[in-house]
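I have placed the structure first, in the form of structure tokens, so that the comments after it can refer back to it.
Numbers here are sequence positions counted from 1. Bear in mind that the values here come from a model prediction, so they are computed numbers and not experimental data. Atoms considered below: every heavy atom in the structure, side chains included; atoms not considered: hydrogens, waters and symmetry mates.
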Amino acid sequence: MGDFENIWPCPDRPDDGFACPEGTRHALREGAVAPRPPAPPECPFCDLLQDRYPTHYAGHWILLEPGLLLAAHTVPPMLRWIITPDGRAMNLWEAEPFPGTRCRIPHRVACPALPAEDHWRSLTERREHNLLRVQRLFELPDGPPERFRGPHGPEEGLPETG
């Protein structure tokens with residue numbers, strides 16, 4: 001009836017020890033771990049407000065970058081999210097987007113307080129934009145706080161690619 005030994009534990013797993021349903025594993029893998037309403041849709045790492053959408057995984061929400069629609073072919077696979085007609089966010093996974101498709105990106109790849117996952121130009125620019133937003137929003141005259149610095153933070157710089 002299935003392999004229950006290799007199922008990841010749920011964050012809100014009941015004490016009876018039951019394993020996570022399949023949808024929860026996919027939601028966790030895709031980063032659909034946003035705080036549920038009525039909590040504010042803030043990033044727990046940088047405190048910036050985001051757009052929060054329910055996903056097709058029951059009880060799971062995702063934070064997407066606000067007001068940003070990108071051409072889907074410029075976004076790495078697995079980071080392309082669209083909003084379906086029923087108002088839910090759906091990850092396109094590795095599906096080849098149709099010409100002209102626009103998508104959203106999850107905030108975690110543009111969060112200035114998290115380590116950069118990649119060096120795609122559009123995502124790097126958004127991460128730098130969010131760092132400036134944090135500085136302006138929280139009026140930080142001495143630059144970003146320590147949690148925004150370090151070996152993976154935005155101040156490390158990117159290699160020259162020509």
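Pro37 has its side chain within reach of Trp61: a pair of non-hydrogen atoms, C-beta onward, lies under 4.5 Å apart. Contact check for Leu79 versus Arg108: side-chain heavy atoms found under the 4.5 Å cut-off. Taking the side chain as every heavy atom from C-beta outward, Arg88 and Thr55 never approach each other to under 4.5 Å. Residues Thr24 and Arg29 form no side-chain contact, since every pair of their non-hydrogen atoms from C-beta on lies 4.5 Å or further apart. Residues Leu64 and Ile83 have side chains in contact (heavy-atom distance under 4.5 Å, counting atoms from C-beta outward). Side-chain contact between His60 and Pro54 is absent, with no heavy atoms from C-beta onward closer than 4.5 Å. Taking 4.5 Å as the limit, every side-chain heavy atom of Gln50 sits out of range of all side-chain heavy atoms of Glu42.
Rounding to the nearest 0.5 angstrom, the gap separating the SG atom in Cys111 from the CG atom in Leu63 is 9.5 Å. Note that the CG atom of Leu131 and the SG atom of Cys46 stand 9.5 Å from one another [nearest 0.5 Å]. To the nearest 0.5 Å, atom NE2 of residue His107 and atom CG of residue Leu49 are 10.0 Å apart. Taking CG of Asn91 as the start and CH2 of Trp81 as the end, the distance is 4.5 Å to the nearest 0.5 Å. In this structure, OG1 on Thr101 lies 12.5 Å from CG on Leu70, to the nearest 0.5 angstrom.
Nearest heavy atoms, Pro35 versus Ala39: CB-CB, 3.9 Å. Here the closest non-hydrogen pair linking Arg80 and Ala72 is NE-O, 3.0 Å.
Through direct or relayed side-chain contacts under 4.5 Å between Ile, Leu, Val, Met, Phe, Trp and Tyr, Leu92 connects to Ile82, Met90.
In this structure, the side chain of Arg126 does not engage the main chain of Ala110 through any donor-acceptor pair within 3.5 Å.
The salt bridge (charged side-chain N to carboxylate O under 4.0 Å, His left out) check on Glu125 picks up Arg121, with sequence neighbours excluded.
Judged by distance alone, the side chains of Glu30 and Trp93 do bring a donor and an acceptor atom under 3.5 Å apart. Side-chain polar atoms of Arg127 and Asn130 form no donor-acceptor pair below 3.5 angstrom.
Pairs engaging residues 49-64 under the salt bridge (Lys or Arg N to Asp or Glu O under 4.0 Å) rule: Asp51-Arg104 [sequence neighbours left out].
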